[in-house]
Protein chains: 2
Amino acid sequence: MRRNADQPTIDDVAALAGVSRSAVSKVMNGRGGISPKTATAVREAAAKLKWVPSATAVALRGSRTRSVGMVIARSTDLLATDPYFAVMISGAEQVLAPRGYGLQLHLMGDDPEAESATYRKLVRERRVDGFLLTESRIGDPRFALLRELDRPAVLIGIPWRDDPQPHVQSADPLRGMLDAARHLLDLGHRRVAYVSGPDDRVHTVQRRETFVEAMRAAGVTPATVAARRFDSLEARTITEELLRRPDRPTAIVYANDMMALAGMGAAQRAGIDVPGGLSVVGHDDLPIGAWHYPALTSVAQDLASLGAAAALTLLRLLGEEPPGPIPDIPPTRLIVRESTAKATHQ
Amino acid sequence: MRRNADQPTIDDVAALAGVSRSAVSKVMNGRGGISPKTATAVREAAAKLKWVPSATAVALRGSRTRSVGMVIARSTDLLATDPYFAVMISGAEQVLAPRGYGLQLHLMGDDPEAESATYRKLVRERRVDGFLLTESRIGDPRFALLRELDRPAVLIGIPWRDDPQPHVQSADPLRGMLDAARHLLDLGHRRVAYVSGPDDRVHTVQRRETFVEAMRAAGVTPATVAARRFDSLEARTITEELLRRPDRPTAIVYANDMMALAGMGAAQRAGIDVPGGLSVVGHDDLPIGAWHYPALTSVAQDLASLGAAAALTLLRLLGEEPPGPIPDIPPTRLIVRESTAKATHQ
DNA sequence: TTGAAAGCGCTAACAC
DNA sequence: GTGTTAGCGCTTTCAA
């Protein structure tokens with residue numbers, strides 16, 4: 001069992017530099033009232049000892065941990081399926097790390113109790129200063145919880161019912177969906193289905209409504225199905241069912257790429273050619289879609305930018321960054337590849 | 001900007017219970033020498049105030065943070081492709097969370113400098129007690145670094161050159177590979193290729209060697225190609241090249257599922273039927289492989305168990321858990337699906 | 001069985 | 001311009 005045996009402390013640095021503790025502190029935190037001579041001595045001593053202020057001591061002293069939390073409640077299966085989060089997190093890291101902030105990640109099953117318990121614990125134990133929230137939910141309980149816990153949080157996505165919860169979103173979160181509708185219409189599709197994720201997610205509902213609306217405006221009423229869970233098995237089952245219908249769709253739009261890929265597999269297995277007999281559209285534009293055959297037409301959204309913007313916004317809420325405009329997050333847009341083609345009406 | 005305005009402290013609890021600070025501490029930490037009466041009063045007060053010891057204060061006092069670090073240096077593209085990590089992390093969480101441990105995650109590009117700087121910073125700032133290491137590398141610099149930093153770490157995988165680095169691995173990490181060789185041989189494949197990831201990963205080299213060895217023992221010499229990077233584009237390019245060879249393989253084994261899926265796409269795009277004209281084998285058995293058409297034959301390994309075992313081992317190193325046998329991690333094994341079939345020799 | 005007091009490593013008032 | 005000092009919230013001797 002290791003101890004922090006020989007880690008130097010501020011006093012060691014002070015001693016080596018021949019100054020007082022507070023002088024060291026002032027130098028390291030760039031506060032004024034220090035002679036250049038002293039500053040240099042301190043910096044040299046610190047470098048020599050490889051000393052860095054203990055995050056724990058700073059946290060205790062200042063009651064901020066310089067660490068943000070992210071709790072993700074999703075089934076393992078789902079985590080295993082969709083690399084979605086990793087990209088967002090790496091975007092967030094890009095702004096957190098340079099500011100000396102850490103990210104506490106908690107992954108857990110899809111259990112509301114465990115989820116809120118985790119938030120509570122993180123706050124009570126004062127492990128984090130704020131949170132990054134993903135996947136806006138219908139009737140999202142997290143906003144109220146975090147207000148109760150009095151901790152800032154930034155949602156990646158669109159809050160339910162215009163809740164004042166701080167959030168970040170793409171410059172045009174639904175544009176890709178509109179493009180998709182237009183694209184399918186242009187290709188002559190009239191029997192179209194939309195397979196959404198569970199209806200407790202805000203984005204899934206919005207995207208579906210946007211898509212349906214756009215199709216309706218053109219006189220086409222899409223069939224809509226909501227997967228009970230957000231995974232590939234559902235996508236397959238639903239697709240099979242859809243394809244058995246007498247008025248089977250000539251195009252299906254899925255809530256995400258993994259579902260789309262699974263759906264494509266189901267269609268092909270049923271002997272239906274994609275895109276010859278069925279056009280397929282995904283969402284998120286994950287790399288795998290492009291390498292698939294046929295390559296997946298998908299709505300791209302810049303997950304890394306979203307993560308980065310959310311982190312920046314949170315840092316501002318924490319008083320760590322000067323206020324400023326939320327950085328631009330590119331609009332969503334449709335990437336047309338091979339999985340969509342002209343409708344073939346039998 | 002929020003402050004920990006009204007968070008109760010141990011003194012609040014002590015006051016409410018009418019006892020001293022140390023009495024509260026003793027009760028909460030289950031140390032003896034406390035009358036039942038006092039204990040009850042303290043527990044009630046703590047519950048009423050919803051007080052939990054501040055992790056920061058405990059850390060400063062005890063010089064352990066109850067938090068472990070995990071730094072992953074991989075390109076965003078790769079993170080976007082392979083959901084590999086999320087599963088391991090959720091396995092680790094399963095043992096960390098109940099013990100009150102947190103996980104600090106740092107994702108970054110594939111930059112050795114930045115990587116080691118991150119380890120150093122995490123240790124110097126005393127943000128974590130130990131580390132979980134993934135993806136054993138050839139000449140892995142992390143072991144020496146962590147010894148220098150004097151922090152315990154557990155590697156998920158097999159350390160390079162029998163380094164004494166603590167690690168966890170499947171009960172039979174290469175069995176799946178042997179099964180795969182046997183399987184392809186049984187199907188009559190004689191022209192076989194193995195596409196590995198970059199050769200700086202231990203597991204990729206071991207798997208390749210195991211596979212090649214097994215094939216050789218049966219008189220077949222596989223072509224081997226190492227992807228320079230570990231991603232789908234490489235898989236595609238390499239596959240195309242392989243398929244253009246005059247003696248083109250009738251079966252290709254890939255280092256992971258995403259590469260296999262991409263390779264399959266490349267083959268299909270080149271007009272080669274899978275598995276009719278080419279058999280394909282992946283590794284990791286991610287869910288998406290099963291929903292693909294044709295469903296991917298793949299070597300399964302229990303990533304969640306690996307993550308959990310690693311976390312448990314680390315906790316033991318930290319003196320947090322009694323020693324005991326490393327929990328069983330199921331052997332790797334081949335899952336035969338649709339992407340492999342009898343070889344068709346022209 | 002209980003409580004007083006010291007101190008973990010740091011920052012920020014405040015005095016010099 | 002510099003040093004002294006008082007905590008941040010907790011655990012742990014040590015006395016009572």
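Bear in mind the structure is a predicted one, so any value in this text is a computation, not a measurement. Below, each value reflects all heavy atoms present in this structure, side chains not excepted, and no hydrogens, waters or symmetry copies. Letters go in sequence order (proteins before strands), and every chain restarts at 1.
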Worksheet item: Any idea which heavy atoms bring A:Q7 and A:D12 closest together, and the distance?
Response: O-OD2, 4.4 Å
Practice prompt. Specify the separation, in whole Å, of atom CG of B:L60 and atom C1' of C:dG9.
Written response: 5 Å
Discussion item. By nearest heavy atom, map B:I34 and B:A57 onto DNA chain C; which one lands nearer the 5' end?
Written reply: B:I34
Worksheet item: If you take atom types as modelled and just measure distance, does the side chain of A:K26 reach the base of D:dG3 with a donor-acceptor pair under 3.5 Å?
Response: yes
Worksheet item: Over how many whole Å does the gap from B:R31 atom CZ to C:dT1 atom C1' extend?
Response: 14 Å
Item to complete: Just compare D:dC10, D:dG3, C:dC8 and give me whichever is closest to any side-chain atom of A:S22.
Response: D:dG3
Worksheet item: Which heavy atom of B:S170 sits nearest a heavy atom of B:L306, and at what distance?
Response: N-CD2, 3.8 Å
Worksheet item: Between B:Q7 (CD) and D:dG9 (C1'), how many Å, whole number?
Response: 12 Å
Fill in: Options C:dC10, D:dG3, D:dC10, nucleotide nearest the side-chain atoms of A:I10
C:dC10
Worksheet item: Is any N or O donor-acceptor pair between the side chain of A:S25 and the base of C:dA12 shorter than 3.5 Å?
Response: no
Worksheet item: Below 4.0 angstrom from OP1 or OP2 of D:dC10, is there any side-chain N or O of B:R21?
Response: no
Item to complete: Can you tell me which residue pairs pass the salt bridge (charged side-chain N to carboxylate O under 4.0 Å, His left out) test with a partner in residues 45-55 of chain A, sequence neighbours excluded?
Response: none
Worksheet item: Please give, in whole Å, the distance from D:dG9 P to B:D12 CG?
Response: 9 Å
Worksheet item: Under 4.0 Å between a side-chain N or O of B:T9 and OP1 or OP2 of D:dC8?
Response: no
Worksheet item: Counting side-chain heavy atoms from CB outward, which of C:dG9, D:dG3, D:dT2 is closest to A:S54?
Response: C:dG9
Fill in: Test side-chain contact (heavy atoms from CB on, under 4.5 Å) applied to A:D302 - qualifying residues, sequence neighbours left out
A:A304, A:S305, A:P330
Worksheet item: Just to confirm, is there a sub-4.0 Å distance from OP1 or OP2 of C:dG3 to any side-chain nitrogen or oxygen of B:S20?
Response: yes
Worksheet item: Charged N to carboxylate O below 4.0 Å: is that the case for B:E125 and B:R120?
Response: no
Practice prompt. Give one of base, sugar-phosphate or nothing for B:T56, where a contact means two heavy atoms less than 4.0 Å apart.
Written response: nothing
Worksheet item: Ignoring hydrogens and angles, are the base of C:dT2 and the side chain of B:S35 linked by a donor-acceptor pair under 3.5 Å?
Response: no
Worksheet entry | Rounded distance in Å - CZ (A:R64) to P (C:dC10) | 19 Å
Worksheet entry | Euclidean distance, atom CZ of residue A:R124 to atom P of D:dG9 [Å, nearest integer] | 16 Å
Practice prompt. Nearest whole angstrom, please: distance from the P of D:dG9 to the CG of B:N29.
Written response: 17 Å
Fill in: Nearest-Å distance for atom pair CG/C1', residues B:D11 and D:dC10
9 Å
